Amino acid sequence: MTPSTISFTTDYGLSDGFVAACHGTIARLAPRARIIDVTHLVPPGDVRRGAAVLAQTVRSLPLSVHLAVVDPGVGTARRPIAIAAADGGFLVGPDNGLLVPAAEALGGIAAAVHLTNRGWFAPEVSATFHGRDIFAPVAARLCSGAALPDAGEEIDDLVVLPAPHVERAPGRLVAEVLTVDHFGNVQLAAAPDLLPEAPCQLTVNGTPATRTNTFGDAPAGALVVFADSAGHLALAVNGGDAAARLSLAPGDRVIITS
């Protein structure tokens, strides 16, 4: 079954014409494709954040070609790639670790190719805008039923992002911050079952916190530790901003004691 939807994730922002240019390329090559914009507000060049957002979103989407471009190495020796996922969909973007977590969320990698068939690209390829000139045309062709093997050479050595830090000891959990969302909620790399079930009292980097099921289970302004909708441990302040309260950013480590 050929996907009829293209999901689109980038760090392009919304104040320039980059997103529209890619939409236009897709519309010319695959006019019947439906495009779902996941986000274009990934922090510039933040591959890990883009990978996390995409991986946590793809299972909520219909069968799709997932076009993702967070590409600080554009124009360098890094490879443009496309992946066939086990669910029957595809992922298209740079070979910098961005796509692999999403492919794993879709059941795993069935095949991957280095995009070398220039007949699938725009007639002229800019050194700095592969989203428009390589990735969008490839996504459109896959969404129109073109065969992945025709896109390039099969590969089995994809770049994989380093695993985030998680360390557990009796009464102590150290976990890396994966993402911080719009509300200031802090998502950790650790699974919820690494801590005692709610309700219980904890400390987070020395600050008192409560293990809860949801924000409203604690008083306004209280720091809570909970299982988020993506299945990760997360920190929040009921009615506030946990990242600001604890001065946390992606890549930081959090120590939780019980």
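As the structure is a prediction and not an experimental result, all values here were calculated from the model. The residues of the chain are indexed from 1 along the displayed sequence.
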What distance do [X] atom [atom1] and [Y] atom [atom2] have between them, rounded to the nearest 0.5 Å?
| X | Y | atom1 | atom2 | value |
| --- | --- | --- | --- | --- |
| Leu173 | Glu167 | CG | CD | 9.0 Å |
| His40 | Tyr12 | NE2 | OH | 9.5 Å |
| Glu197 | Arg211 | CD | CZ | 7.5 Å |
| Leu98 | Leu91 | CG | CG | 9.0 Å |
| Leu41 | His182 | CG | NE2 | 10.5 Å |
| Leu235 | Leu248 | CG | CG | 7.0 Å |

Using the side-chain contact (heavy atoms from CB on, under 4.5 Å) rule, take Thr210 and Leu202 through it: C-alpha gap first, then chi angles, then the decisive distance, then the call. CA-CA 6 Å; Thr210 303; Leu202 307 167; over 6 Å; no
Take Leu246 and Thr207 through the side-chain contact (heavy atoms from CB on, under 4.5 Å) test and state the conclusion after the steps. CA-CA 8 Å; Leu246 298 171; Thr207 299; 3.7 Å; yes
Side-chain ([X]) to main-chain ([Y]) donor-acceptor, under 3.5 angstrom:
| X | Y | result |
| --- | --- | --- |
| Asp228 | Leu188 | no |
| Arg48 | Pro162 | yes |
| Asp11 | Val70 | no |
| Asn205 | Ile255 | yes |
| Asp241 | Ala243 | yes |
| Thr25 | Ala21 | yes |
| Asp133 | Ser126 | yes |
| Ser64 | Pro62 | yes |

Taking the side chain as everything from C-beta on, heavy atoms only, tell me whether [X] gets closer than 4.5 Å to [Y].
| X | Y | result |
| --- | --- | --- |
| Leu178 | Pro164 | yes |
| Phe90 | Ile83 | no |
| Asn185 | Val180 | no |
| Val92 | Leu142 | yes |
| Asp150 | Trp120 | yes |
| Pro72 | Val47 | yes |
| Val166 | Val174 | no |
| Ile256 | Arg172 | no |

With hydrophobic residues grouped by side-chain heavy-atom distances under 4.5 Å, do [X] and [Y] end up in a single group?
| X | Y | value |
| --- | --- | --- |
| Val125 | Val138 | yes |
| Leu14 | Phe18 | no |
| Ile155 | Phe121 | no |
| Leu29 | Ile35 | no |
| Val159 | Ile81 | no |

Going by the side-chain contact (heavy atoms from CB on, under 4.5 Å) test, name the single residue among Ile36, Thr9, Val38 that passes it with Thr57.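 Answer after filtering Ile36, Thr9, Val38: Val38.
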Examine Phe8 together with Phe135 and report whether their ring centres are nearer than 6.0 Å.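 That pair fails the under 6.0 Å test.
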For [X] against [Y], the heavy-atom pair lying closest together:
| X | Y | result |
| --- | --- | --- |
| Gly89 | Leu63 | N-CD1, 3.4 Å |
| Cys143 | Ala33 | SG-CB, 3.8 Å |
| Ala68 | Leu99 | CB-CD2, 3.8 Å |
| Leu115 | Ala82 | CD2-CB, 3.8 Å |
| Gly97 | Pro101 | O-CD, 3.2 Å |
| Ala218 | Asn238 | O-ND2, 2.8 Å |

Do [X] and [Y] have side-chain N/O donor and acceptor atoms under 3.5 Å apart?
| X | Y | value |
| --- | --- | --- |
| Asp95 | His114 | no |
| Thr179 | Arg49 | yes |
| Thr5 | Arg34 | yes |

Stepwise side chain to side chain donor-acceptor pair (under 3.5 Å) test for Arg78 and His130: CA-CA 12 Å; Arg78 75 91 186 93; His130 287 184; 2.9 Å; yes
Run the side-chain contact (heavy atoms from CB on, under 4.5 Å) test on Thr10 and Val42 for me, step by step, so that the C-alpha distance in whole Å, both residues' side-chain angles and the decisive distance to 0.1 Å come before the verdict. CA-CA 6 Å; Thr10 76; Val42 174; over 6 Å; no
